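Labels below follow one simple rule: chain letters A, B, ... track the order of the sequence lines, proteins then strands, and each chain is numbered from 1. These numbers come from a predicted model, not from an experiment.
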Amino acid sequence: MPELPEVEVTRLSFAPAIAGANILNVQVGKPLRWPLSCNPQSLKGRKVLQVRRRGKYLLLDLSHGILLIHLGMSGSLTFGKQTPVAGKHDHFDLFTDHGLLRLHDPRRFGAVVYADSESDALAVKLLGRLGVEPLEDSFDPQVFALGLKKKHAPVKQVLLAGELVVGVGNIYASEALFLAGIRPTTRASRISKPRAFKLHQAIRQVLASAVEKGGSSLRDFSNAQGQNGYFQLQANVYDRAGLPCRACAAPIKRLVQGQRSSFYCPLCQKP
DNA sequence: CCATATACCTGGCAGC
DNA sequence: TGCTGCCAGGTATATG
């Protein structure tokens with residue numbers, strides 16, 4: 001589900017409300033992708049200072065230590081004063097004096113991991129290899145263009161790998177490549193500097209636009225207040241195989257790269 | 001080092 | 001109704 005826009009929308013929807021909250025209790029459900037790595041009860045009495053984001057991870061800064069939350073493919077958070085009984089897919093509950101933060105994740109590819117700090121070995125293992133943030137100034141077009149030159153793989157897979165730039169998942173990779181007029185199969189190393197600049201701009205534009213639209217709610221995503229996003233309504237290619245391109249009316253094509261679906265317009269996007 | 005395949009897990013849907 | 005096969009927003013790990 002969640003790529004950078006969905007994670008950021010989630011963060012924005014509960015960060016102000018949880019800031020300063022005291023942790024009263026923690027309840028864990030079925031195992032997630034990785035173990036919490038601490039006794040849940042040891043978090044009682046700590047305070048949630050703020051919520052940051054790095055790539056597709058949320059970082060809850062506690063008065064001591066941090067919680068890294070990843071939503072995997074099907075995870076979503078809710079935060080509120082009410083405490084509905086935990087359903088079969090609710091696997092992590094953080095009770096605070098500001099309300100309950102709950103992770104709902106049917107497929108359990110998500111995770112909540114405790115680390116003493118960002119320099120903790122566990123945190124470094126998860127965050128250490130991430131590329132630059134696409135919506136920050138550190139996402140430099142020149143560096144991006146040079147980075148692409150060094151990769152022989154198809155550009156779609158280079159974007160998904162998250163080593164050059166983080167946060168671009170399966171939806172927004174296809175959408176950004178459409179905006180840039182580049183086919184997903186094009187070898188990254190063969191992308192000229194002007195086209196790399198265009199892709200750089202397209203990535204920023206599509207991610208920023210998606211945050212603005214509240215993310216994409218294809219199946220089950222909603223923010224921590226339970227509100228759906230509506231970026232999917234303006235997707236140009238994602239999940240539109242066989243439908244007419246919004247720009248030229250040619251049928252959108254689907255192909256599989258690295259076991260993931262890619263979508264593109266055969267006329268608007270050049271090799 | 002690189003590129004590709006596999007694994008984790010559940011649910012929804014189309015087709016029979 | 002129920003079965004089967006395929007598909008799904010991610011990514012660490014194994015394999016060649």
**Item:** Nucleotide pairing, DNA chain B (Watson-Crick or G-U, distances under 3.5 Å), in dot-bracket with [ ] and |
**Value:** .|||||||.|||||||
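- Residues A:V168 and A:L4 have side chains not in contact (no heavy-atom distance under 4.5 Å, counting atoms from C-beta outward).
- Residue A:K56 places at least one side-chain N or O under 4.0 Å from the OP1 or OP2 atom of C:dT11.
- Counting only distance, with no hydrogens or angles, the side chain of A:R129 and the backbone of A:E163 share no donor-acceptor pair below 3.5 Å.
- The existence of a salt bridge linking A:E118 and A:R54 is excluded, since no basic side-chain nitrogen approaches an acidic carboxylate oxygen closer than 4.0 Å.
- One atom, CG of A:D239, and another, C1' of C:dG9, lie 11 Å apart when rounded to the nearest Å.
- In this structure a side-chain-to-backbone donor-acceptor pair under 3.5 Å is present from A:Q269 to A:I182.
- Of the possible donor and acceptor atoms, none in the side chain of A:R254 sits under 3.5 Å from a partner among the backbone N and O of A:D239.
- Tested against A:L60 for a side-chain contact (heavy atoms from CB on, under 4.5 Å), the candidates A:V112, A:I23, A:L94 yield a single pass: A:L94.
- When rounded to the nearest whole Å, the span between NZ of A:K88 and P of B:dC9 equals 15 Å.
- At C:dT11, none of the side-chain N or O atoms of A:Y57 fall inside 4.0 Å of OP1 or OP2 (strictly under the cut-off).
- Taking the side chain of A:H152 as heavy atoms from C-beta on, and the options C:dT13, B:dA3, C:dA8, the nearest nucleotide is B:dA3.
- Proximity of A:R260 to the phosphate of C:dG9: a side-chain N or O atom is located under 4.0 Å from OP1 or OP2.
- For the pair A:I69 CD1 and C:dT11 C1', the computed distance is 18 Å after rounding to whole Å.
- Nucleotides B:dC9 and C:dC3 have their P atoms positioned 23 Å apart, rounded to a whole Å.
- A:Q257 has its CD atom 14 Å from the P atom of C:dG10, to the nearest Å.
- A:H89 has no side-chain polar atom (N or O) that falls below the 4.0 Å cut-off from OP1 or OP2 of B:dC9.
- Atom pair A:N170:CG and C:dA8:P shows a separation of 8 Å (rounding to whole Å applied).
- The distance between atom NE2 of A:H91 and atom P of B:dC8, rounded to the nearest whole Å, is 17 Å.
- For the pair A:M73 CE and C:dG10 C1', the computed distance is 6 Å after rounding to whole Å.
- Contact check, A:K151 against B:dC2: no side-chain N or O comes under 4.0 Å of OP1 or OP2.
- More than 12 heavy-atom neighbours from other residues, nucleotides or ligands sit within 6.0 angstrom of CZ on A:R187.
- By the stacking rule of 5.5 Å between ring centres and under 30° between planes, A:F109 does not stack on the base of C:dT11.
- A:G258 comes within contact range of no nucleotide atom at all, as no heavy-atom separation falls under 4.0 Å.
- Candidate nucleotides C:dG9, B:dA3, C:dA12 were compared by shortest atom distance to the side chain of A:R33, and C:dA12 ranks first.
- At a cut-off of 3.5 Å, with distance as the only test, a side-chain donor of A:D116 or A:Y114 sits close to an acceptor on the other residue.
- With both ends at atom P, the span from B:dC13 to C:dG9 equals 16 Å, rounded to whole Å.
- Using a 4.0 Å heavy-atom distance criterion, A:R108 is classed as a sugar-phosphate-only contact.
- When the shell of 6.0 Å around CD of A:Q82 is examined, it contains 12 or fewer heavy atoms from other residues, nucleotides or ligands.
- At C:dA8, one or more side-chain N or O atoms of A:S261 fall inside 4.0 Å of OP1 or OP2 (strictly under the cut-off).
- Using a 4.0 Å heavy-atom cutoff across all strands shown, A:K30 reaches sugar-phosphate atoms only and no base atom.
- Nearest to the side chain of A:R254, among C:dT13, C:dG9, C:dA8, sits C:dA8.
- A:D105 places its CG atom 13 Å from the P atom of C:dT11, with the value rounded to the nearest Å.
- In this structure, A:F231 reaches neither bases nor backbone, as no heavy-atom distance under 4.0 Å exists between it and the strands shown.
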